[in-house]
Amino acid sequence: MADEKVIASAGENVAESAVVYDDAALAAEYQEKRRKQIEEDCKKPFDPEAVLEVRHLRKCFPLKKTVTGKVTQELIAVDDVSFKLHKGETLGIVGESGCGKTTMGRAILKLHQPTGGQIIFDGKDITNYKSKQMREIRKEMQIIFQDPYSSLPPRSTVGGILSEPVQVHKIVPKDQIKNYVLNLMDRCGLRDYYYERYPHEFSGGQRQRICIARALSVNPKLVICDEPVSALDVSIQAQIINLLKKLQNEMDLTYVFISHDLSVVKFISDKIGVMYLGAMMEFGTKDAIFSNPLHPYTQALFSAVPNPDPDAKMNRVVLKGDIPSPANPPKGCRFHTRCPYAKEICKHVTPEYKEYEPGHFAACHKLDEE
């Protein structure tokens, strides 16, 4: 019949012009497929060489509840993020403001309790650890906050700020704490006479050095760097980045480095993850991502980086529209509302996040056609 509708599922290969998509059926099919994949992946043995292994991490915040406490609307801040990080590596996380980078970092540290997925740190599944269980892990996982002005207690001296975690976690005997802190300050480029000073007496770069020293005072294995240089001048940014690299080599640290600045991420990272609206759009090694960006969103981010050569031609990809609300993400591919290559299938079918090159993952229907 001429009026007959063709209902397409994700696996059918039908001419796009002849397809009418059943969104409810596709959503149910996708959710069931994802549920089976999560169950299967969560049963896999942990990678003994990975310091951090994140499997299908999800974090939602309730927006509306019924009288009985049932959640009727939620904001999906992080949705189905997976990656591995080995000792001494740096993972750079990039994306626009509001894409869930910071929430992901805080969920890994259990500052936000994950809604779903697995977090394996140093061979232990810490996803459901309570506060008491996390206390011992805290000294091995630390964070450097974005704003050095608000992240330091104004009524404590530098010596007090750096001594407290050392004392609480019993890193060294009490009579050795001051010498330990002074040595740490020296490694972080802080003068010994800063010990008795207060945070308001320092510049932004000096305060960030204090924040770095505080994070490293307990000898962590993993440090989440939440945009540690975005609030600083460009010249100070270079000093802080070089300091982080030096300390990483000296202390064998593993970093998750969250940033908007692609040039900084390129300099410090070994692996790069590109996030959009809570989901990982592309993931791979630094060389793979920068030499061959697969996802249209990654290509658009790279095209926005200014070129110092005035004669060079810029193939700027201009994204139209605003980022959709994570409280009401688009159906199908999250990026289709702004993607210059979007087709009808992108509006209805969620693309599969899969490996297109060794160690290089992406989620895009356009790549399946090539």
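Side chains are part of it too, since the values below use all heavy atoms of this structure and drop only hydrogens, waters and symmetry mates.
Between Gly204 and Tyr149 the shortest heavy-atom distance is CA-OH, 3.5 Å. The minimum heavy-atom distance between Gln142 and Pro220, with the atom names listed, is CG-CB, 3.9 Å. Across His336 and Pro330, no two heavy atoms sit closer than the pair CE1-CB, 3.6 Å. Taking both residues in full, the closest heavy atoms of Gly100 and Val78 are given as O-CG2, 3.7 Å, listed atom of the first, atom of the second, then distance. Here the closest non-hydrogen pair linking Ile240 and Gly205 is CD1-O, 3.9 Å. Of all the heavy atoms in Leu57 and Pro114, the pair that sits closest is CD1-CB, 3.8 Å.
For the atom pair Ile224 CD1 and Ile144 CD1, the distance stands at 10.0 Å (nearest 0.5 Å). Of the inter-residue distances, the one linking Leu222 atom CG with Asp122 atom CG reads 10.0 Å to the nearest 0.5 angstrom. Taking CD of Glu357 as the start and OG1 of Thr285 as the end, the distance is 8.5 Å to the nearest 0.5 Å. Taking CD1 of Ile93 as the reference point, atom SG of Cys99 lies at 9.0 Å (rounded to 0.5 Å). Phe257 contributes atom CZ, which lies 10.5 Å from atom CZ of Phe267 (distance to the nearest 0.5 angstrom). To the nearest 0.5 Å, atoms NZ (Lys245) and CG (Leu253) are separated by 12.0 Å.
Heavy-atom contacts from other residues, nucleotides or ligands closer than 6.0 Å to NZ of Lys87 number 12 or fewer. Within 6.0 Å of NZ in Lys65 there are 12 or fewer heavy atoms belonging to other residues, nucleotides or ligands. At most 12 heavy atoms of other shown residues, nucleotides or ligands fall within 6.0 angstrom of atom CD in Glu136.
With hydrophobic clusters built from ILVMFWY side chains whose heavy atoms lie under 4.5 angstrom apart, Met251 does not share a cluster with Val256. Under the 4.5 Å side-chain contact rule for hydrophobic residues, Leu85 and Val54 share a cluster. Leu111 and Met275 fall within a single hydrophobic cluster, where Ile, Leu, Val, Met, Phe, Trp and Tyr side chains are chained together by heavy-atom contacts under 4.5 Å. Clustering ILVMFWY residues whenever any of their side-chain heavy atoms sit less than 4.5 angstrom apart, transitively, puts Ile137 in a cluster other than the one holding Ile171. At a threshold of 4.5 Å between side-chain heavy atoms, the hydrophobic network of Ile, Leu, Val, Met, Phe, Trp and Tyr places Leu262 and Leu319 in one connected group.
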> Would Tyr341 and His365 count as a ring pair (Phe, Tyr, Trp, His ring centres under 6.0 Å) if you check the C-alpha gap in whole Å, the side-chain angles of each, and the deciding distance to 0.1 Å?
Replying inline: CA-CA 10 Å; Tyr341 307 105; His365 289 301; over 10 Å; no
>> Checking Tyr276 against Cys333 for the side-chain contact (heavy atoms from CB on, under 4.5 Å) test, could you report, in this order, the C-alpha distance in whole Å, the side-chain angles of both residues, the deciding distance, and whether it holds?
In response: CA-CA 11 Å; Tyr276 180 80; Cys333 176; over 6 Å; no
>> Go through it in stages, so that I can follow the logic: the residues are Val71 and Glu74, the test is side-chain contact (heavy atoms from CB on, under 4.5 Å), and I'd like the CA-CA distance, side-chain angles, deciding distance and then a yes or no.
In response: CA-CA 7 Å; Val71 177; Glu74 60 185 11; 4.1 Å; yes
Counting only pairs under 3.5 Å, give me each side-chain donor-acceptor contact of residues 176-194, with atom names and distances, residues two or more places apart or in other chains.
unit_1: Tyr180; atom_1: OH; unit_2: Ser217; atom_2: O; d: 2.8
unit_1: Arg187; atom_1: NH2; unit_2: Glu250; atom_2: OE1; d: 3.4
unit_1: Tyr194; atom_1: OH; unit_2: Gln206; atom_2: NE2; d: 3.1

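Using a distance-only test at 3.5 Å, with no hydrogens or angles considered, a donor-acceptor pair links the side chain of Arg55 to the main chain of Asp41. Panel note: side chain Lys59, backbone Gln113; a donor-acceptor pair is recorded below 3.5 Å. Side chain of Gln133 to main chain of Lys130: a donor-acceptor pair is present (N/O by atom type, distance under 3.5 Å, no hydrogens or angles). No donor-acceptor distance shorter than 3.5 angstrom exists from the side chain of Gln208 to the backbone of Val229, with no hydrogens or angles considered. Looking only at distances, no side-chain donor or acceptor of Ser269 sits under 3.5 Å from a matching main-chain atom of Ile272. Between the side chain of Ser82 and the backbone N or O of His56 there is at least one donor-acceptor pair closer than 3.5 Å.
The stretch residues 154-177 participates, sequence neighbours left out, in no salt bridge (Lys or Arg N to Asp or Glu O under 4.0 Å) pair at all. For residues 278-290, no residue pair satisfies the salt bridge (Lys or Arg N to Asp or Glu O under 4.0 Å) rule, not counting sequence neighbours. For the salt bridge (Lys or Arg N to Asp or Glu O under 4.0 Å) condition, the pairs that include at least one residue of residues 258-277, sequence neighbours left out, are Glu89-Lys271. Here salt bridge (Lys or Arg N to Asp or Glu O under 4.0 Å) pairs that include residues 91-107, with residues two or more places apart or in two chains, are Glu96-Arg338. Sequence neighbours left out, the pairs with a member in residues 72-127 that pass ring-ring contact (aromatic ring centres under 6.0 Å, His included) are Phe61-His112.
Pro296 has its side chain within reach of Cys364: a pair of non-hydrogen atoms, C-beta onward, lies under 4.5 Å apart. Side-chain contact check for Pro228 versus Gln146: every heavy-atom pair is 4.5 Å or farther apart. Side-chain contact between Phe145 and Cys225 is absent, with no heavy-atom pair separated by less than 4.5 Å. Side chains of Lys347 and Thr337 form no contact here, defined as non-hydrogen atoms less than 4.5 Å apart. Counting heavy atoms from C-beta on, the side chains of Ile143 and Val223 never come closer than 4.5 Å. Side-chain contact check for Tyr255 versus Leu247: some heavy-atom pair is nearer than 4.5 Å. Met104 is listed as a side-chain neighbour of Val81, based on a closest heavy-atom distance under 4.5 Å. Annotation: side chain of Thr254 is not in contact with side chain of Thr90 (no heavy-atom distance under 4.5 Å).
Applying the side-chain contact (heavy atoms from CB on, under 4.5 Å) criterion to Ser156, with sequence neighbours excluded, gives Pro153, Ile161. Residues forming a salt bridge (charged side-chain N to carboxylate O under 4.0 Å, His left out) with Lys110 (at least two apart in sequence, or on another chain): none. Taking the side-chain hydrogen bond (donor to acceptor under 3.5 Å, both in side chains) definition, one finds that Ser131 meets it with nothing, sequence neighbours left out. Shown here are the ring pair (Phe, Tyr, Trp, His ring centres under 6.0 Å) partners of Tyr129, two or more places apart in sequence or in another chain: there are none. A search for side-chain contact (heavy atoms from CB on, under 4.5 Å) contacts involving Phe361 returns Phe283, Tyr353, Glu355, not counting sequence neighbours.
Ring orientation note: the planes of His295 and Tyr297 are nearly perpendicular, at an angle over 60° on the 30°/60° scale.
Listed by chain and number, the hydrophobic cluster partners of Phe46 are Ile120, where partners are ILVMFWY side chains within reach of under 4.5 Å, directly or through others.
Ionic pairing of Glu32 and Arg35 is present here: one or more N-O contacts between side-chain nitrogen and carboxylate oxygen are shorter than 4.0 angstrom.
Arg58 pairs in a side chain to side chain donor-acceptor pair (under 3.5 Å) with only one of the listed residues (Asp80, Thr115, Asp79), which is Asp79. Under the side chain to side chain donor-acceptor pair (under 3.5 Å) test applied with Gln118, the options Asp125, Asn128, Thr127 reduce to a single match, Asp125.
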